[in-house]
Amino acid sequence: MVAGHVSPRVTIEALPDIVLLYIFDFCRLNIEDSTLDWLLTLYAKDGNTSPLLRSYGDGNQDNIITALENSSRVHEVILNDELLPLKRVIAAMQEPYPVLESLGIEYKAPAALPDTFLGGSTPCLRSLTLKRISFPTLPSLLFSCKLIVRLFLLRLPKNGYISPETMATCVSALAKLTHLEIDFEEYAISYPFPRIPPPLTRAVLPALTSLRFEGYTHYLEDFVA
């Protein structure tokens, strides 16, 4: 306050969405579940359609499901065994996520995602991490995610095998990709498969700065051929 002048009070309605987002990020790890419920209810019912949810991990499964069901407002999802059973994740994430930027799903036991996961569309996705997860329609999803910068496919199980040729075709469409990691569960794949001659036209990843691979040498050779 300046002498002779009273600063006007600012209500929460006057705060820009980005300010509310930073406040939520700062407080989310320390607020009670009841407060978090209030936040979710407030922004779901006040008519504001701007994206306000960035991430969610307070440990309350019902709260997490509530957040995931707001698919048009979720920016980041990082889930594992301790937070939510995968079957509940799958059931909650059947719709497109138009503003989702980062997705991480890491489970201790091999599991599979159905074709309907994410409604087949996450156009703003920039980071994807799957650990011990098979996703048969991953190639189709990647073709629709032109903004991906980081792609980590870790401990891929046997039923999550993607041929090196298909993998190469997928990542070739990701011009912004800077970090790529691929590894397999032990004995998840076996060689020799019929070797395929390298394509006449090779893909170029202009932004790639980091590549890590763990698996059979022949797979890597076919992938980079």
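Nearest heavy-atom pair across Cys124 and Pro98 is SG-O, 3.1 Å. The two residues Gln94 and Thr116 make their nearest non-hydrogen contact at OE1-OG1, 2.6 Å. Contact record, Thr137 with Pro114: OG1-O, 4.4 Å, taken as the closest heavy-atom pair. Taking every heavy atom of both residues into account, Ala207 and Ala175 meet most closely at CB-O, 3.6 Å. Across all their heavy atoms, Ser144 and Leu141 have their closest contact at OG-O, 2.7 Å. Of all heavy-atom pairs between Ala112 and Leu86, the closest is O-CD2, 4.3 Å.
Here Arg155 contributes atom CZ and Glu214 contributes atom CD; the two are 5.0 Å apart, rounded to the nearest 0.5 Å. Note that the OG atom of Ser102 and the CG atom of Leu125 stand 7.0 Å from one another [nearest 0.5 Å]. With values rounded to the nearest 0.5 angstrom, Ile90 atom CD1 is found 10.5 Å from Leu84 atom CG. Interatomic distance, CD1 of Ile182 versus CZ of Phe223, reported as 4.5 Å (0.5 Å rounding). For the atom pair OG of Ser72 and CD of Glu95, the computed distance is 10.0 Å after rounding to the nearest 0.5 Å. Distance check: Leu142 CG to Ile162 CD1 gives 7.5 Å after rounding to the nearest 0.5 Å.
Remark: the Ser163 side chain and the Thr166 side chain contain an N/O donor-acceptor pair separated by less than 3.5 Å.
Looking at Thr178, its side chain does come within 3.5 Å of a backbone N or O of Val149 through a donor-acceptor pair. The backbone N or O of Leu68 sits less than 3.5 Å from a side-chain atom of Tyr97, completing a donor-acceptor pair. Side chain of Asp81 to backbone of Lys108: a donor-acceptor contact under 3.5 angstrom is found.
A side chain to side chain contact (heavy atoms under 4.5 Å, CB included) with Leu174 holds for exactly one of Leu147, Leu208, Ile148; it is Ile148.
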Next item on the list: Please test Glu185 against Lys158 for salt bridge (charged side-chain N to carboxylate O under 4.0 Å, His left out), starting from the C-alpha separation and ending with a verdict.
Entry: CA-CA 7 Å; Glu185 286 280 6; Lys158 186 174 183 178; over 6 Å; no
Next item on the list: Decide side-chain contact (heavy atoms from CB on, under 4.5 Å) for Phe135 and Leu128; before the verdict, give the C-alpha distance in whole Å, the side-chain angles of both, and the deciding distance to 0.1 Å.
Entry: CA-CA 12 Å; Phe135 191 7; Leu128 175 62; over 6 Å; no
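Under the salt bridge (Lys or Arg N to Asp or Glu O under 4.0 Å) criterion, the residue pairs touching residues 83-92 are Asp62-Arg88, with sequence neighbours excluded.
Contact annotation: the side chain of Glu76 never approaches that of Ser127 to less than 4.5 Å [non-hydrogen atoms, C-beta and beyond]. Within the 4.5 Å cutoff, side-chain heavy atoms of Arg212 are placed close to those of Leu154. Residues Ile105 and Phe117 are in side-chain contact: their nearest non-hydrogen atoms beyond the backbone lie under 4.5 Å apart. Taking 4.5 Å as the limit, every side-chain heavy atom of Leu103 sits out of range of all side-chain heavy atoms of Thr122.
For CZ of Arg126, the number of neighbouring non-hydrogen atoms (other residues, nucleotides, ligands) closer than 6.0 Å is 12 at most.
Taking the six-membered ring where the residue is Trp, Phe213 and Phe184 present perpendicular rings, their angle passing 60° and hence far from 30°.
Phe143 and Leu205 end up in different hydrophobic clusters when Ile, Leu, Val, Met, Phe, Trp and Tyr side chains are linked at under 4.5 Å. Under the 4.5 Å side-chain heavy-atom criterion for Ile, Leu, Val, Met, Phe, Trp and Tyr, Phe152 and Ile133 are members of distinct hydrophobic clusters.
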